[in-house]
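Below you'll find the structure, written out as structure tokens, and then a few comments.
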2 protein chains.
Amino acid sequence: MEDIKVIRELREIIRILERKLGVIEDEIFCCGITMAQCHALVEIGRAKNISLNELACLLNLENSTMSRTVNNLVESGYVKREIDPVDRRYVAISLTERGISLFNSIEEGMNQYFNQVYSLIPEDKREQVIESLYLLVDAIKESESCK
Amino acid sequence: MEDIKVIRELREIIRILERKLGVIEDEIFCCGITMAQCHALVEIGRAKNISLNELACLLNLENSTMSRTVNNLVESGYVKREIDPVDRRYVAISLTERGISLFNSIEEGMNQYFNQVYSLIPEDKREQVIESLYLLVDAIKESESCK
DNA sequence: TAAAATAGTTGTATATTGCAATTTATTTTT
DNA sequence: AAAAATAAATTGCAATATACAACTATTTTA
């Protein structure tokens, strides 16, 4: 409860960062599909193979919402569904060729972008910035378990 | 183009941070209204008084979308519209009593939350974390002008 | 004063979202 | 083994969000 000023500063800079990151995602990378679909596509691509509930959980969405967004991705030919033969309740969601190709171009673009950002951080501060991001995420994680 | 590994690390940690921040916003603070409305309400509250296009620009939305979200906030009694008497093309958007009260409780909650997060950062690293966030935002800003 | 520019709204179409109910499949209990 | 409970996913429904394009009202500018 001490440094109210510093805490507002922290909040403010995180707010600005959040907005910037949103714009980056929005404007630079998700061409052709919606943001919701882009997020899903990237998570599917990273997981290679994922169930609907897992995906919904990752993206913090209802599974009904998730199911329909997956529908849209399937209709656009980026994603396919396959029933898990071991437990037929599960649907294995994965990328099609077309989906992989889009995923790769998003990944490529992202890496290029962050490469640029990284290079614009003063060289002697780069390590510190990454360490700090870890520290911040750790603090947030801890605060979850506190609550 | 050097440290590919470090760049992926940066990207990954930012990704995790983004997700965490999303959950915080979503689950902890925007009770009763939708996220879109919450974002708008907070921006209006911070600005005290703002035009539709400015608001749309802040939130990176089409002004048509913005107009309708403002509609919903007006219908719920959180926000009011007033025509600018100086230039009657402009609409001055501001919070009602009810809106101010919700805004304050969101602000309060946010400050409390970030207070907790701040306190969970090791004391000797707190300054560094804030500095690093500035450095990161600066790098992102610079990358915008580069492109 | 006529044309251009600006701010905002509305028409239209699609996507997102969440809650509740339902279907199908598996696991647990009796 | 049959019944009950649980689990994963989909579907019905209704509200909201979103963007593009067309439109209205107002102000600026040429």
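The sequence lines fix the lettering, A, B, ..., with proteins before strands; numbering per chain opens at 1.
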State which residues pass side-chain contact (heavy atoms from CB on, under 4.5 Å) with [X]; sequence neighbours excluded, sorted by chain then number.
X        : answer
B:Asn49  : B:Ala92, B:Ser94
B:Leu135 : A:Pro122, A:Lys125, A:Gln128, A:Val129, B:Glu131
A:Ala139 : B:Val117, B:Leu120, B:Ile121

What is the distance, to the nearest angstrom, from the [atom1] atom on [X] to the [atom2] atom on [N]?
X       : N      : atom1 : atom2 : answer
B:Tyr90 : D:dT26 : OH    : P     : 15 Å
A:Met66 : D:dT11 : CE    : P     : 15 Å
B:Ile33 : D:dT16 : CD1   : C1'   : 13 Å
A:Asp84 : D:dA7  : CG    : P     : 17 Å

I'd like to check the salt bridge (charged side-chain N to carboxylate O under 4.0 Å, His left out) partners of [X]; sequence neighbours left out, ordered by chain and number.
X       : answer
A:Arg11 : B:Glu107
A:Lys48 : none
B:Arg89 : B:Asp87
A:Arg19 : B:Glu43

B:Thr34 side-chain N/O to D:dA17 phosphate OP1/OP2 under 4.0 Å:
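The answer is yes; a side-chain N or O of B:Thr34 sits under 4.0 Å from OP1 or OP2.
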So, does A:Asn63 get its side chain near the phosphate of D:dA8, meaning an N or O under 4.0 Å from OP1 or OP2?
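For D:dA8, OP1/OP2 do not have a side-chain N/O of A:Asn63 under 4.0 Å.
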First and last nucleotide of DNA chain C in contact with chain A, 5' to 3', at under 4.0 Å to a heavy atom: what are they?
C:dA15 to C:dT26
By nearest-heavy-atom nucleotide on DNA chain D, the more 5' of A:Asp87 and A:Asp26 is A:Asp87
Can you list, by residue number, the residues of residues 45-62 of chain B that have a non-hydrogen atom closer than 4.0 angstrom to DNA chain C?
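Residues of residues 45-62 of chain B that come under 4.0 Å of DNA chain C are, in numerical order, B:Ser51, B:Leu52, B:Asn53.
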Selection: residues 92-100 of chain A, any non-hydrogen atom under 4.0 Å of DNA chain D
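Nothing qualifies; none.
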Row check, B:Tyr118 ring normal vs B:Arg126 NZ/CZ: under 6.0 Å, within 45°
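Output yes; distance and angle both within limits.
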For B:Ser64 and A:Pro85, take the nucleotide of DNA chain C holding the closest heavy atom to each; which residue's nucleotide lies nearer the 5' end?
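Residue closer to the 5' terminus by nearest nucleotide: B:Ser64.
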With sequence neighbours excluded, tell me which residues meet side chain to side chain donor-acceptor pair (under 3.5 Å) with B:Gln37.
none
Results of side chain to side chain donor-acceptor pair (under 3.5 Å) for A:Ser51 - residues two or more places apart only:
A:Glu54
Candidates A:Thr96, A:Leu102, A:Ile100 - the one meeting side chain to side chain contact (heavy atoms under 4.5 Å, CB included) with A:Arg98:
A:Thr96
Counting heavy atoms from C-beta on, name the nucleotide in D:dT27, D:dT11, D:dT18 closest to the side chain of B:Arg89.
D:dT27
